[in-house]
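Notes to accompany the following structure.
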There are 2 protein chains.
Amino acid sequence: MPRNSDKHERLVEAAKHLIHQQGFGQTTLADIAEESGVPLGNVYYYFKTKDDIASAVIDEHMREFRALAAEWEKQPDPKRRLLAFLDMPSAMRDTVASHGCPVGSLAQELNKEHSPLAQQADNLLKAHLDWVRKQFRELGRADADDLGLQMIATLQGVSLLCNALRDPVIVDRQIKRLRVWLEAL
Amino acid sequence: MPRNSDKHERLVEAAKHLIHQQGFGQTTLADIAEESGVPLGNVYYYFKTKDDIASAVIDEHMREFRALAAEWEKQPDPKRRLLAFLDMPSAMRDTVASHGCPVGSLAQELNKEHSPLAQQADNLLKAHLDWVRKQFRELGRADADDLGLQMIATLQGVSLLCNALRDPVIVDRQIKRLRVWLEAL
DNA sequence: GTCTATACCACGATAGAC
DNA sequence: GTCTATCGTGGTATAGAC
């Protein structure tokens, strides 16, 4: 067990970045070892398999999401919470243009494999969706489930197109549109 | 040069299906050879590299898109052309739930590599986008570019979520919403 | 707990017989 | 043109010294 060392943490952090940039399949254990400054063979002291690293990365994404959600929930009403949520993709516009959405692209990749990792990534995406839907419900919308899906789908689609067209301005424009849409709701 | 043989065609067709189902990285030449009934070593008579096969697959997608577009363009007005366009994802709802959008997921995967294939897949996605934008322009909309992006982004996002949640009904509902939106435009 | 060296295997690609 | 056999590389995972 990792004790007084931060190597475990460094490995997960390196894997998180590399997987976002290169995808899970393209990222080798050697890449992760190098980026985190841990010798290759030593990686197996912390993780039994490559899949275990990916699993830890998804867990980390989930923790980060929960921490952000706790921040957004400090807003006094659901509409402002949703607007706060939109700050996330806005702030990531450049990295989205370069590598897409870290959670959406990972989920899509893992869903092509038959590994149980896919389910875990899907749950992460579902956590985003559920949180947004909850806000729409608190707004009193009977069609909260559809609205939430519409919002997350738009963000995922915009990320994909923004990445394919390599144009961060797409994120700006479409998020602005979503803000207007929210305000008017 | 392939002449009186359909092996070339069978290889591309097999690769197209397998890449959609498993992704490009996960699909091996052995898979493609087996599915198309061509011996492994013989694949290299038709394609110099694995990338060349992917390139041919993307070309094939492009041809199919152009053929469909030619059909849609038989509709008398742009609104009906856009509605006809939406029949495609509707008809594919089950395979989208199983494996995502064949062009969107491929583009996202290839954009994580540094290969020139990414550009080719991006062009395919852009062809879809350009066609839709053209229809909005012919509808007389000054914001045609935004509307087109909004529509393609929605479809891509819906495909991704539908795949992650494994629920084809999501496609039905959201396409229905898009139809209503179009009618009202 | 840490690191080196290496086993082992899958896959892309090639050689060369027919 | 077709197919078999095989090479070489690179990547996951392990053995075992320190």
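Numbered from 1 within each chain, the chains take letters A, B, ... in sequence-line order.
Residue B:Tyr44 places at least one side-chain N or O under 4.0 Å from the OP1 or OP2 atom of C:dA13. Phosphate contact (OP1/OP2 of C:dT2, side-chain N/O of A:Tyr46, threshold under 4.0 Å): present.
Proximity note for B:Lys7 (side chain, C-beta onward) versus D:dC3, C:dT2, D:dA13: the nearest is D:dC3. Each of D:dC3, D:dT2, C:dC3 was ranked by its minimum atom distance to the side chain of A:Pro39; first place goes to C:dC3. Listed nucleotides C:dA13, C:dT2, D:dA13 differ in distance to A:Thr49; the shortest reach to its side chain belongs to D:dA13. Across C:dG12, D:dT12, C:dT4, the shortest atom-to-atom separation from the side chain of A:Lys50 is found for D:dT12.
Between B:Leu110 and B:Ile58, the closest side-chain pair of non-hydrogen atoms falls below 4.5 Å. The shortest distance between side-chain heavy atoms of A:Arg93 and A:Ile170 does not fall below 4.5 Å.
Whole-Å rounding puts the A:Asp31 CG to D:dT12 P distance at 8 Å. One interatomic measurement links the two molecules: CD1 of B:Ile53 to P of C:dA13, which rounds to 9 Å at whole-angstrom precision. For A:Phe24 and D:dT12, the CZ to C1' distance is 11 Å, given to the nearest whole Å. In this structure, B:Leu29 places its CG atom 20 Å from P of D:dT6, rounding to the nearest Å. What separates CG of A:Leu18 from P of D:dG11 is a distance of 13 Å, to the nearest Å. For B:Asn42 and C:dT14, the CG to C1' distance is 13 Å, given to the nearest whole Å. Put simply, OH on A:Tyr45 is 18 Å from C1' on C:dT4, counting in whole angstrom units. If you take CZ of A:Phe47 and C1' of D:dT14, they are 18 Å apart, rounded to a whole angstrom.
Within the structure, the ring-ring contact (aromatic ring centres under 6.0 Å, His included) test picks out the following pairs touching residues 9-36 of chain B (sequence neighbours left out): B:His20-B:His99. Listed by first and then second residue, the salt bridge (Lys or Arg N to Asp or Glu O under 4.0 Å) pairs involving residues 114-134 of chain A are A:Lys126-A:Asp130, A:Arg133-A:Asp145, A:Lys134-A:Glu138 (not counting sequence neighbours).
Here the shortest heavy-atom pairing between A:Val43 and A:Leu11 reads CG2-CD2, 4.0 Å.
Summary of the strand contacts: A:Lys48 and A:Thr28 both lie near DNA chain D, and taking for each the nucleotide with the nearest heavy atom, the more 5' one is attributed to A:Thr28.
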